[in-house]
Amino acid sequence: MGPEALPALAEMVRRPAVSQVWVLADSNTARQCYPQLKPFLPEAHTLIEIPAGEEYKTLATCETVWEQLTEKRADRYAVLLNLGGGVVTDLGGFCAALYKRGIRFVQVPTTLLAQVDASVGGKTGVDFMGFKNQLGVFQEPAAVCIEPRFLETLDPRQLKSGYAEVVKHWLIADAQAFAEQRQQGMFVEDWTPIIRESVALKQRIVAQDPLEGGLRKVLNFGHTVGHALESYLLLQPGREILHGEAVAAGMVCEAWLSHEKGLLSAEELDKVETFLFSVFDKVQFVTLETDAIADLARQDKKNAGSIINCTLLEAIGQAVYDQPVTVAEIAESLRYYHRL
C-alpha cells in the first residue's frame, strides 16, 4: 500500500512464471489511471476496456472479456490486473476465477470504496436479473495494490460513496474511530491512515470467516436494505444511485430496525442518523415504492429460506448478524427514512 504498491506490482508481473499481463479497466480508469500504471508494466501487455457503470456489471460484459482473452490465447499462467472501482474489481475477479478454471488476478483499486472494501476479501461477482452480485465466487487475488494517489481522479460524489463503507466499518467494529472521526467527516487531507485501518479491520474479520458462514456477515450492515434500494433504482434510467449512497441509506434504516428490536439505544440511533445525514444526501423515492423496494430483499444472499437475515447494531461499534426481519419491517424502515 502507498508509494511502494506499484513498484511491487512491477516486480511481480515481470517474474518468469507470468506468461502474459492483461489490464482490465473501464472507460474512466483507462483514461485517468492507466497512464499512471503503464510505466510499471512490461511493454508487452494488453489493455481490455469495458464501459463504466454498474449497469455494465453483467455476464454480457464478462463475455467480452473472455472473448478477448480467448482470441489472444491467454493461458493459465496469465495474470489479469483489475484497475478500477468496485465494478471492475468484482467483475474482473469473477472473469479471472472462471477463465480456464482460474487464472491469477491482482486488484488495483482506484476508488475509495474499492480500496477499503470491494478489492479486499476475495468476493467477486456480477449482477443478474437486476439483483446485486447475484452470481459470484469467493476467490482471493494474488495481491491487492492500493495506491491512494488514484483517489485524486475521483469526483466528490464518488469519494463520498466510498466513505460510506469506511463509516460502516466504524459502526460495526470501531466505536472509538466513529467518535473521533465523525467530528472531522469528509474533511480529510490524507486518506492513507483511514484506508490502512479500514482494510486491517476488514482483513481481521475475513481471516476468521473467509466464506461468510458467520462473523463475516457483520460486514453487510446497511446492505440488506441498501442493496434492495440500489437494485430498485438501477432498473429505472435516470434514478440510479451509487453503491455507497445506497449503503448510507441502508445503514439509517437498519440502525432504526436495531432500535425497534430493542438492540440500539435512541441516543445512539440519533448519533448514527445525525452523522450520516451530515455527509450524505437523502436518497429520493416515494412512499408508494417502499413495498416494492422491500420485496427485493427476499433475494439477499444472507437469507435462509423465507427468513431475511439482517445485520443489526447492539451498540455503535458492535454488530450482530443473522437477525431475522420481515419484508414488512424493511418497508417500514424505508418509510421511516423517507419521513426524516
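Values reported hereafter were calculated over all heavy atoms of this structure, with side chains retained and with hydrogens, waters and symmetry mates removed.
Using modelled atom types and a 3.5 Å distance limit, the side chains of K57 and N133 yield a donor-acceptor pair. Defined by atom type and a distance below 3.5 Å, a donor-acceptor pair is present between the side-chain atoms of S19 and D75. For the 3.5 Å distance criterion, the side chains of E54 and H243 fail to qualify, holding no donor opposite an acceptor. With hydrogens and angles left out, the side-chain atoms of Y77 and Q20 include no donor and acceptor closer than 3.5 Å.
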Let me see the working for V252 and V272 under side-chain contact (heavy atoms from CB on, under 4.5 Å), right down to the final yes or no.
CA-CA 7 Å; V252 172; V272 172; 5.5 Å; no
CA sep, side-chain torsions, deciding dist, call: T311, D322, side-chain contact (heavy atoms from CB on, under 4.5 Å)
CA-CA 6 Å; T311 293; D322 283 350; over 6 Å; no
Criterion salt bridge (charged side-chain N to carboxylate O under 4.0 Å, His left out) on R239 and E289, from CA distance to verdict
CA-CA 13 Å; R239 297 184 69 192; E289 296 177 298; 2.7 Å; yes
Test salt bridge (charged side-chain N to carboxylate O under 4.0 Å, His left out) on D117 and K123 and set out the steps.
CA-CA 10 Å; D117 188 65; K123 278 188 177 180; over 6 Å; no
Walk me through whether L219 and I205 qualify under side-chain contact (heavy atoms from CB on, under 4.5 Å).
CA-CA 8 Å; L219 293 167; I205 293 172; 4.0 Å; yes
Could you walk me through whether L91 and C62 pass side-chain contact (heavy atoms from CB on, under 4.5 Å), step by step?
CA-CA 7 Å; L91 183 144; C62 291; 3.9 Å; yes
Determine, step by step, whether E273 and Y336 satisfy the side-chain hydrogen bond (donor to acceptor under 3.5 Å, both in side chains) criterion, reporting the C-alpha distance in whole Å, the side-chain angles of both residues, the deciding distance to 0.1 Å, and the verdict.
CA-CA 12 Å; E273 290 176 355; Y336 170 80; 2.4 Å; yes
Under the salt bridge (charged side-chain N to carboxylate O under 4.0 Å, His left out) criterion, do E165 and K168 qualify, and how do the steps go?
CA-CA 5 Å; E165 294 286 1; K168 178 202 74 179; 2.9 Å; yes
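The same ILVMFWY cluster, assembled from side-chain heavy atoms under 4.5 Å apart, contains both F178 and I195. No continuous path of hydrophobic side-chain contacts links L235 to L334 [ILVMFWY only; heavy atoms under 4.5 Å]. Cluster membership for V21 and I48, using ILVMFWY side-chain heavy atoms within less than 4.5 angstrom, is not shared.
The neighbour count for Q176 CD, taken as heavy atoms of other residues, nucleotides or ligands under 6.0 Å away, does not exceed 12. Atom CZ of R149 sits in a sparse spot, with 12 or fewer heavy atoms from other residues, nucleotides or ligands closer than 6.0 Å. Environment of CD in E267: sparse, with no more than 12 heavy atoms of neighbouring residues, nucleotides or ligands closer than 6.0 Å.
Atoms OG1 and CG, from T29 and L24 in turn, are 7.5 Å apart once rounded to the nearest 0.5 Å. Expressed to the nearest 0.5 Å, how far CD1 of I330 lies from SG of C310 amounts to 6.0 Å. Separation of atoms CG (L242) and CG (L159) is listed at 11.5 Å; rounding is to 0.5 Å. The line from CG of L41 to CG of L9 is 6.5 Å long, rounded to the nearest 0.5 Å. The OG atom of S278 lies 10.5 Å from the CE atom of M186; values are rounded to the nearest 0.5 Å. Considering CH2 of W256 and CG of L340, their distance stands at 10.0 Å, rounded to 0.5 Å.
Considering all non-hydrogen atoms of both residues, C145 and A5 come closest at SG-O, 4.0 Å. Nearest approach of A331 to D291, heavy atoms of both residues: CB-OD1, 3.5 Å. The two residues G250 and V225 have their closest heavy-atom pair at CA-CB, 4.0 Å. Annotation for N82 and Q107: closest pair ND2-OE1, 2.9 Å, computed over non-hydrogen atoms. Among all heavy-atom pairs drawn from R14 and P42, the shortest one is NH2-N, 3.7 Å. Looking at every heavy atom in both residues, G86 comes nearest to A118 through CA-CB, 3.7 Å.
The pair E212-K217 does not meet the salt-bridge criterion, since no charged nitrogen lies less than 4.0 angstrom from a carboxylate oxygen. Salt bridge annotation for D90-K132: absent, with no cationic side-chain nitrogen under 4.0 angstrom from a carboxylate oxygen. Under 4.0 Å is where a charged nitrogen must lie from a carboxylate oxygen, and between K282 and E245 no such pair does.
When V87, V88, T61 are each tested for a side chain to side chain contact (heavy atoms under 4.5 Å, CB included) with D26, only one passes: V88. Screening T111, L83, N28 for a side chain to side chain contact (heavy atoms under 4.5 Å, CB included) involving C33 leaves a single residue, L83.
Relative orientation of the W170 and F275 rings is tilted, given thresholds of 30° and 60° on the angle between their planes.
The backbone N or O of T58 lies less than 3.5 Å from no partner atom in the side chain of D127, so there is not a single donor-acceptor pair. With S333 contributing its side chain and E254 its backbone, the two residues share no donor-acceptor pair below 3.5 Å. Panel note: side chain S161, backbone R157; no donor-acceptor pair is recorded below 3.5 Å. Judged by distance alone, with hydrogens and angles left aside, the side-chain atoms of E147 form no donor-acceptor pair with the main-chain N or O of F150 at under 3.5 Å. Proximity of a side-chain donor or acceptor of H259 to a complementary backbone N or O of L264 within less than 3.5 Å is detected. Side-chain atoms of H169 never come within 3.5 Å of backbone atoms of L201 as a donor-acceptor pair (strictly under, hydrogens ignored). Judged by distance alone, with hydrogens and angles left aside, the side-chain atoms of Y337 form no donor-acceptor pair with the main-chain N or O of E332 at under 3.5 Å. Under the 3.5 Å distance criterion, the side-chain polar atoms of T153 are left unmatched by any main-chain donor or acceptor of Q32. The main-chain N or O of R216 is found under 3.5 Å from a side-chain atom of D209 such that the two form a donor-acceptor pair. With hydrogens and angles disregarded, a donor-acceptor distance shorter than 3.5 Å links the side chain of T70 to the backbone of W66.
For the ring-ring contact (aromatic ring centres under 6.0 Å, His included) condition, the pairs that include at least one residue of residues 18-42, sequence neighbours left out, are Y34-H45. Applying the ring-ring contact (aromatic ring centres under 6.0 Å, His included) rule to pairs touching residues 87-143 yields nothing, sequence neighbours excluded.
Two residues are said to be in side-chain contact when any heavy atoms from C-beta on lie closer than 4.5 Å; D295 and R298 meet this criterion. With a 4.5 Å cut-off on side-chain heavy atoms, T326 and I308 do not count as touching. Counting only heavy atoms from C-beta outward, the side chains of L171 and M251 approach each other to under 4.5 Å.
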